[in-house]
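Worksheet: the structure to be examined is printed underneath.
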Amino acid sequence: MRDHSEWLALAKDLDLPTQHHIDGRAEGGGQGFPVVSPRDGQVITHVADAGAAEIDLAVAAARRAFDSGPWPRLSPADRGRILLRMAELLEQQREQLALTVTLEMGKPITDAHDIELRAAINTFRWYGQLADKLTDESPHTAPDALALVTREPAGVVGAVVPWNFPLTLASWKVAPALAAGCTVVLKPSESSPLSALLLGQLGTEAGLPPGVLNVVNGDGPTAGQALGLHPGVDVLAFTGSTAVGRHFLRYAADSNLKRVWLELGGKSPNIILPDAPDLERAAATAAWGIFFNQGEMCTAPSRLLVHADIAEQVTEAVVRRARELRVGDPLDPATEMGPLVSSAHLDRVLDHVTTGQAEGARLRVGGEHRENFLQPTVFDQVDPGMRLAREEIFGPVLSVLTFTELDDAVQLANNTEYGLAAGVWTSDLSTAHKVARALRAGTVWVNCYEEGDLTVPFGGMKQSGNGRDKSAHALAKYTELKTTWIQL
Ligand code: NAP
Ligand code: MG
């Protein structure tokens, strides 16, 4: 890992894209919109700003590439080879990409390099390797017929993603969609357009035919809406807030009933029982979980549900970790927490801190900020009805709630409109299985948090969304089932 001064020097002569990537080339100009780094509030560059016309252009390119271009007609092995080449190029450009992510959205460079880039590289590698290992079905029929059940690429995919893991979340959509033979129009968040544009360029460099992967910048209510309403888009894959997820369902209803897949928000519970194998580790993981990536994590374990007998011990350990955490310049490799993504987002998070105090929760640590840098924040004495316990904050703010009976813990855990993830800490095998079964969440972690790899599906129940990213299950989003019945 480079040191602080090396990253600062590299940041000075980083070559940043400024245009859309449409039909295999740079498109669009004009004044565009500024990309502001939350690190210091400075404008890094300006990027072209798409309206409906640029979205039309990108969808038309993706449509041509799907309807008459080579991509869906290539052998799966050939598609796989290009995805593997994308993984190699991501690896080669790892430092520039990590730096771009850190500058645009503020996560610590160590996390950008070691976690975000590793995830993006692994995603392209995994789907590249998977592309030619899929099989279709031929069910047993009567002797006078042959039935085939095949998966066909679903068409043009619109992908709209947020800024908190700009490359990982884009990769989770783009790689399986491309492996399936679809073509893509990706709209990153206006807060993190640069790394996505680099991904678009890198795809063309790896050999994707023109129009297969287009990246268009623009803000949600304009460019995002135009993509959501576009009749030329067959599938819309979205990651973001539950509120905006609802918009995409409406856009589909008001246009062509495109398939809409939603990965949305969360308010995930993390249950610690007195028989946890190691209470210190449980507390350290709870702290890491909520403060990692500045708490800007859909799966953040933002509700710590801890048994009353150990509540003070665990809370004290979490508070200690919060005090030790190094908050600072995200370009310093020793930094553990960087700035929140923007001052507007900081204001939203601070509003939760103020409301929490007004509602009577006890602020144990944090709540203060310098510019966009918020101190890791812990509240205890939180009641289930408080906003602190109900609403997604998407910042480094932990709410501690207590229980005495296991059934109450499960009920408390499920007492939310969300169902993205959950954790439970116990040494008892039966308790672990019973609680895991009872939790309404897409992922349940036992004696760990945020663990996993590409083999397992990821997504939410309830208002945390539908469909799954990662694993072979993700291909269901980007394919349509076809039945062919042949009379013999
Ligand atoms: P967001 O406001 O919902 O934005 C997500 C994307 O939607 C961005 O590209 C945004 O564009 C676009 N958008 C915003 N308003 C739109 C509209 N009216 N029509 C069409 N598109 C629109 O979410 P965020 O604040 O960026 O990200 C935080 C949220 O994402 C949290 O709720 C978090 O839980 C969720 N998330 C979920 C997962 C998961 O896998 N379940 C993973 C990460 C994050 P602009 O930013 O350019 O406006
Ligand atoms: Mg916006």
Side-chain angles (χ1 to χ4, degrees), residues 21 23-24 61-94 117-139 146-157 159 167-168 170-186 198-215 234-235 237 259 261 453-458 467-484 486:
H21 188 77
D23 215 10
R63 200 70 260 171
R64 271 194 309 279
F66 186 77
D67 293 340
S68 51
W71 187 250
R73 292 153 198 92
L74 277 185
S75 77
D78 286 340
R79 281 203 295 269
R81 262 191 287 280
I82 294 180
L83 295 186
L84 290 172
R85 180 75 188 128
M86 286 181 77
E88 272 171 39
L89 291 176
L90 283 165
E91 185 84 66
Q92 280 169 25
Q93 299 171 30
R94 186 170 189 158
L117 264 295
R118 185 183 60 202
I121 294 163
N122 285 346
T123 302
F124 278 95
R125 189 169 293 146
W126 201 85
Y127 286 103
Q129 289 167 342
L130 183 69
D132 64 348
K133 292 169 192 67
L134 301 166
T135 50
D136 287 326
E137 300 164 27
S138 178
L146 171 67
L148 300 175
V149 181
T150 49
R151 283 207 169 268
E152 300 188 349
V156 171
V157 174
L167 272 179
T168 305
S171 303
W172 285 3
K173 311 288 189 219
V174 171
L178 295 182
C182 294
T183 60
V184 179
V185 177
L186 169 66
L198 292 172
L199 182 69
Q201 291 178 0
L202 179 151
T204 297
E205 199 184 330
L208 289 177
V212 172
L213 174 57
N214 308 277
V215 185
D234 301 296
V235 175
R259 281 87 184 100
W261 301 108
D453 59 26
L454 278 156
T455 60
V456 289
F458 174 80
R468 295 293 180 264
D469 282 338
K470 296 168 62 191
S471 82
H473 295 285
L475 294 166
K477 295 179 173 183
Y478 307 111
T479 51
E480 291 276 14
L481 276 182
K482 177 179 280 179
T483 295
T484 307
I486 305 166

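We number each residue from 1, following the sequence as shown.
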### Message
As an exercise, state the distance from CZ of Arg118 to CG of Leu167, rounded to the nearest 0.5 Å.
### Response
14.5 Å

#### Entry: Residues Asp234 and Arg63 bridged, charged N to O under 4.0 Å
yes

### Query
Quick one: side chain to side chain donor-acceptor pair (under 3.5 Å) partners of Thr483, sequence neighbours excluded?
none

### Set of residues satisfying side chain to side chain contact (heavy atoms under 4.5 Å, CB included) with respect to Glu88, sequence neighbours excluded
Arg85

### Summary
Minimal heavy-atom distance between Ala131 and Pro76, with the atoms involved, is O-CB, 3.3 Å

### Message
If the condition is side chain to side chain contact (heavy atoms under 4.5 Å, CB included), which residues does Glu137 pass it with, not counting sequence neighbours?
### Response
Val149

### Residue pair Val157, Val174: steps toward the side-chain contact (heavy atoms from CB on, under 4.5 Å) verdict
CA-CA 9 Å; Val157 174; Val174 171; over 6 Å; no

### Query
So, Arg94 side chain and Leu89 main chain: donor-acceptor pair closer than 3.5 Å or not?
no

### Summary
Taken in chain and number order and not counting sequence neighbours, the residues that satisfy side chain to side chain contact (heavy atoms under 4.5 Å, CB included) with Gln201 are Pro17, His21, Leu198

### Whether Asn214 side chain and Asp23 backbone form a donor-acceptor pair below 3.5 Å
yes

### Query
Could you walk me through whether Arg151 and Leu475 pass the side-chain contact (heavy atoms from CB on, under 4.5 Å) check?
CA-CA 9 Å; Arg151 283 207 169 268; Leu475 294 166; 5.7 Å; no

### Message
To the closest 0.5 Å, what do you measure between CD1 (Ile121) and CD (Gln92)?
### Response
10.5 Å

### Message
Looking at every heavy atom in both Ala179 and Arg79, which two are closest together, and how far apart are they?
### Response
O-NE, 3.3 Å

### Tyr478 side chain reached by Leu178 side chain, heavy atoms, under 4.5 Å
no

### Task
Would you confirm whether Ser138, through its side chain, and Ala147, through its main-chain N or O, come within 3.5 Å as a donor-acceptor pair?
yes

#### Entry: Those residues that, when tested against Trp172, pass ring pair (Phe, Tyr, Trp, His ring centres under 6.0 Å) (two or more places apart)
Phe458

### Message
Checking the side chain of Arg64 only, and the main-chain atoms of Gly69 only, is there a donor and an acceptor separated by less than 3.5 Å?
### Response
no

### Query
Is a side-chain N or O of Tyr127 found less than 3.5 angstrom from the main chain of Gly80, in a donor-acceptor match?
no

#### Entry: Check ion pair Asp469-Lys173 (N to O, under 4.0 angstrom)
yes

### Between CZ on residue Phe66 and CZ on residue Arg73, distance to nearest 0.5 Å
7.0 Å

### Task
Could you pull out the closest heavy-atom pair between Val212 and Ala65, with the gap in Å?
N-CB, 4.0 Å

### Task
With side-chain contact (heavy atoms from CB on, under 4.5 Å) as the test, would you mind laying out the steps for Thr479 and Glu152 before giving the verdict?
CA-CA 5 Å; Thr479 51; Glu152 300 188 349; over 6 Å; no

### Task
Please test Met86 against Leu213 for side-chain contact (heavy atoms from CB on, under 4.5 Å), starting from the C-alpha separation and ending with a verdict.
CA-CA 12 Å; Met86 286 181 77; Leu213 174 57; 4.2 Å; yes

### Task
Output all residues satisfying side chain to side chain contact (heavy atoms under 4.5 Å, CB included) with Thr455, sequence neighbours left out; order by chain, then residue number.
Trp126, Asp453

## Note on the structure
One should read off an interatomic distance between Asp78 CG and Leu83 CG, to the nearest 0.5 angstrom, of 11.0 Å

### Message
Distance check, rounded to the nearest 0.5 Å: Ser75 atom OG versus Arg81 atom CZ?
### Response
6.0 Å

### Message
Please find the pair of heavy atoms, one from Pro209 and one from Trp71, that lie closest to each other, and give the distance.
### Response
CD-CE3, 3.7 Å

### Query
Atom CZ of Arg125 and atom OG of Ser171: how far apart are they, to the nearest 0.5 Å?
12.0 Å

### Task
Indicate the atoms forming the closest heavy-atom contact of Ala62 with Thr183, along with that distance.
O-OG1, 2.8 Å

#### Entry: Closest heavy-atom pair and its distance - Leu186, Ala170
CD2-CB, 4.0 Å

